[in-house]
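Heads up, the thing below is written out as structure tokens.
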Amino acid sequence: MFKSLKLYLEQDIDPEYLTKTLVDFGYKRFEQVSGEGDFSQRGGVVDIFPVSFELPIRIDLDNQRIVSIKTFNPENGQPLWQHNIVIILPHKASSFRPAFFSEEFPLKNFVDLNAGDFVVHNQHGIGKFLGMQKIQAGGVVKEHLVIEYDRNEKLFVPADSMHLVQKYIAFHTRKPKLYRLGNKEWQRVKEHTRKGIARLAWELLGLQAMRLAGEGFKFSKDTDWQVDFEKTFPYQETSDQVKAMEEVKRDMESPKPMDRLLCGDVGYGKTEVAMRAAFKAVMDNKQVAYLVPTTILAEQHYKNFIQRLKNFPVRVEMLSRFRTATEQNEIIKGLSEGSVDIVIGTHRLLSPDVSFKNLGLVIVDEEQRFGVKAKEQLKKIKTSIDVLVLTATPIPRTLYMSLMGAKDFSVINTPPQNRLPIKTVVVEYDSDLVAQAIKRELKRGGQVFFLHNRILDLEKIRDRVVRSLGIDARISIAHGQMPAKQLEQVMLDFINGKIDVLVSTMIIESGIDIPNANTIIVNNAHCFGLADLHQLRGRVGRFNRSAYAYFLIGRNELIEPVARKRLQAIENNSDLGSGFNIAMEDLEIRGAGNLLGQEQHGFIVAVGFDLYCRLLKEAIVNFKKAGVFNETHN
């Protein structure tokens, strides 16, 4: 059985026992915590940086009782998130990778339960958490979690077994079915799920083995030009960016084909990592295909590449509907002859008439937004060519940990320097407020996104904005059904500062980066999913000035409780990196669903997300331990 220390609110604990346990677990005491395995104590405050946590936690004690548990920022000591229960693992254990893993091992460090939450107990199934209760057992009074099952049956779980319990999270908001205690149905469901998960683990490891068995291109070490190119980046790299870049370069310099997923919050600098990888490929006379989900994003990346590469003899082209048939034919010819080094485009790049003379790297932005056919083609490419996939939809840490050893991840968690959090307001539609928000942005020389996701009355909305402003402002419309050339011109004008307010549909959701646009107004915000709202908010705040996001709801509109909860989550979580660290469950679960594929959704619903991840890790560790795939790449 593994060792762990469980800490929870209202727990009575002797501070001496706490610090002694931490020392026994291999933690070292310092004045301040700065890295994994550190802890510090000042009176009734104990700071701990536990193993596999992204940030340290602060335990506040009042007369030996825990009154608060918070994640905090080690740079300024500012509290970030509150927790109810944390599980701390020994530090010594982190120095080696476990050869054995079972579903009882916790992947999640925080068990943030509230009375009324649905939970999953590994051995007994789905129930409802009623709260904590002190119960006498064997002459000793101990804290227990109380879980209600079908027919009001109750299970009392001792606090030292709380790692077997996790909040039930799945894709839908329907209430899950409660199980009966002592019934064999839960074991049957779990066994069925275990087999389905084993198939996925087998497929992932099989793909990995095929890739490792294949011969890729071994890229050279960085050239002087690479160093010169990287110096043209106008910002200071974050530590996570540097780490991600090192991981990508290490993959490229290996003879095996790269298949790496780069995950980073909106605006955290994934594109820069991709750009440097592309430049590195070109330095070895290889071609690069940069695949993006929308024509507008292709246009923007194209402009950025042209700007950054202007002092280097690298030919960059863009293939999308913004190009005429003649221009497209010219670019396709250049790709097959090898005169085009980097091509940026939509799924048009995967058309049968597009062939490359010497393709070395494929970069894919938001792979989940491409169709099944495109994904299948990418799967074939991955066995012989280096592939880097970028996503801004957060991948939950539990999934990331369960896939270690079967998939290569890089995560950018640190916000760029001088980036300020986006001030977020959820409010009823008010013409005066809209006018005030736009005027304030224009007064400081900025630009505004106004998002209304119905083409039908987009012009009516624009006219309403014009009337409410009462001043001369350059206002234009953008939507996906406009003629390509007209849309391209509008977007170029907005990028070049010739438009003050862009009234548009969701066409701006993905990746558009306009540092001068720092106010976004989203109409009918209750109609959007949390991930969409998060992405939309990420369109602003790319600069070192305050940014504003206004999420508008109709006056006297009856809003579904679920939609209200989403709006509350987006308003309360405007901190930098909130996409990764807050309990944005539907955002994270969407990231998980994208990565795992549709057929796994049913298994997540059956046993809950946390147990799903434990079973997945168990399957991967067991297959690897058995050496099932070793012979493939000896």
Side-chain angles (χ1 to χ4, degrees), residues 204-231 233 237 241-263 270-291 305 308-309 312-316 334-344 349-350 354-365 367 377-390 403-412 624 629-634:
L204 285 170
L205 290 168
L207 282 169
Q208 185 191 53
M210 273 169 65
R211 190 167 56 78
L212 294 174
E215 274 304 312
F217 180 78
K218 189 177 189 295
F219 285 94
S220 314
K221 296 280 179 197
D222 284 0
T223 59
D224 291 343
W225 275 17
Q226 181 81 29
V227 177
D228 293 343
F229 171 70
E230 293 183 5
K231 279 181 187 161
F233 184 50
E237 297 95 338
Q241 257 182 321
V242 171
K243 185 169 178 274
M245 196 60 251
E246 283 167 359
E247 288 164 348
V248 169
K249 285 179 179 176
R250 192 166 57 239
D251 283 0
M252 289 176 76
E253 289 165 14
S254 133
K256 303 298 176 191
M258 166 171 76
D259 178 13
R260 182 166 288 277
L261 178 67
L262 173 57
C263 192
K270 298 182 297 294
T271 309
E272 179 59 23
V273 175
M275 240 184 213
R276 293 182 184 190
F279 191 87
K280 186 177 179 70
V282 173
M283 288 302 96
D284 260 335
N285 299 313
K286 287 285 185 181
Q287 291 169 296
V288 179
Y290 198 137
L291 205 58
F305 267 82
R308 286 287 301 283
L309 290 164
F312 298 92
V314 176
R315 185 179 165 196
V316 185
L335 288 170
S336 65
E337 290 173 353
S339 61
V340 173
D341 299 304
I342 299 172
V343 64
I344 298 159
L349 286 179
L350 298 171
V354 178
S355 63
F356 294 81
K357 187 181 181 189
N358 199 3
L359 182 62
L361 173 67
V362 175
I363 299 164
V364 188
D365 210 342
E367 185 178 15
Q377 277 174 277
L378 286 168
K379 214 178 255 185
K380 284 182 201 141
I381 289 170
K382 285 178 182 179
T383 57
S384 58
I385 286 168
D386 283 19
V387 176
L388 177 63
V389 177
L390 317 178
L403 284 169
M404 275 163 75
K407 199 151 182 58
D408 296 329
F409 284 91
S410 291
V411 179
I412 300 182
K624 289 205 131 192
F629 293 98
N630 291 359
E631 68 282 359
T632 325
H633 49 86
N634 277 344

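Residues: numbered from 1 along the sequence shown.
Using a 4.5 Å heavy-atom threshold, the side chains of L309 and I342 count as touching. Within the 4.5 Å cutoff, side-chain heavy atoms of F356 are placed close to those of V343. Between Y290 and D365 the shortest side-chain heavy-atom distance falls below 4.5 Å. Contact of the E272 side chain with the M275 side chain is registered, since non-hydrogen atoms from C-beta on lie closer than 4.5 Å. At least one side-chain heavy atom of K407 sits under 4.5 Å from a side-chain heavy atom of D259. At a threshold of 4.5 Å between non-hydrogen side-chain atoms, the residues R260 and V248 count as touching.
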Original post:
Stepwise, does the side-chain contact (heavy atoms from CB on, under 4.5 Å) test hold for K221 with Q226?
Top reply: CA-CA 10 Å; K221 296 280 179 197; Q226 181 81 29; over 6 Å; no
**OP:** Please lay out, stage by stage, how R211 and L207 fare under the test side-chain contact (heavy atoms from CB on, under 4.5 Å).
**Re:** CA-CA 6 Å; R211 190 167 56 78; L207 282 169; over 6 Å; no
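In this structure, the separation between CD1 on I412 and NZ on K270 is 7.0 Å, given to the nearest 0.5 Å. The CG atom of L390 sits 6.5 Å away from atom OG1 of T271, with the distance rounded to the nearest 0.5 Å. Here the straight-line distance linking atom CG of L291 with atom CD1 of I344 works out to 11.0 Å at 0.5 Å rounding. The structure places CG of L350 at 6.0 Å from CD1 of I381, a figure rounded to the nearest 0.5 Å. Atom CG of D284 sits about 4.0 Å away from atom CZ of F217, to the nearest 0.5 Å. Here the CD-OG distance, from E246 to S410, works out to 10.0 Å after rounding to the nearest 0.5 Å.
Nearest approach of A281 to V288, heavy atoms of both residues: CB-CG2, 3.6 Å. The nearest pair of heavy atoms linking E253 to K218 is O-CG, 3.1 Å. Nearest heavy atoms, P313 versus D341: O-OD2, 4.1 Å. Taking both residues in full, the closest heavy atoms of Q287 and V340 are given as NE2-O, 3.0 Å, listed atom of the first, atom of the second, then distance. Residue V273 comes nearest to Q241 through the heavy atom pair CG2-O, 4.1 Å, listed as atom of the first residue, atom of the second, then distance. Summarising the geometry of E237 relative to E230, their closest heavy-atom pair is OE2-O, 4.5 Å, with the distance given to 0.1 Å.
A salt bridge links K243 to E247: at least one charged side-chain nitrogen sits closer than 4.0 Å to a carboxylate oxygen. The residues E337 and R315 are annotated as not salt-bridged, no charged nitrogen and carboxylate oxygen being separated by less than 4.0 angstrom. Ion pairing between D408 and R250 fails under the 4.0 Å rule for side-chain N and carboxylate O.
When each of M252, M283, K249 is paired with F219, the side chain to side chain contact (heavy atoms under 4.5 Å, CB included) condition holds for M252 and for no other.
Put simply, the side chain of D386 gets close to the backbone of M258: a donor and an acceptor are under 3.5 Å apart.
F229 and F279 have parallel rings, their planes meeting at less than 30° on a 0 to 90° scale where 60° marks the start of perpendicular.
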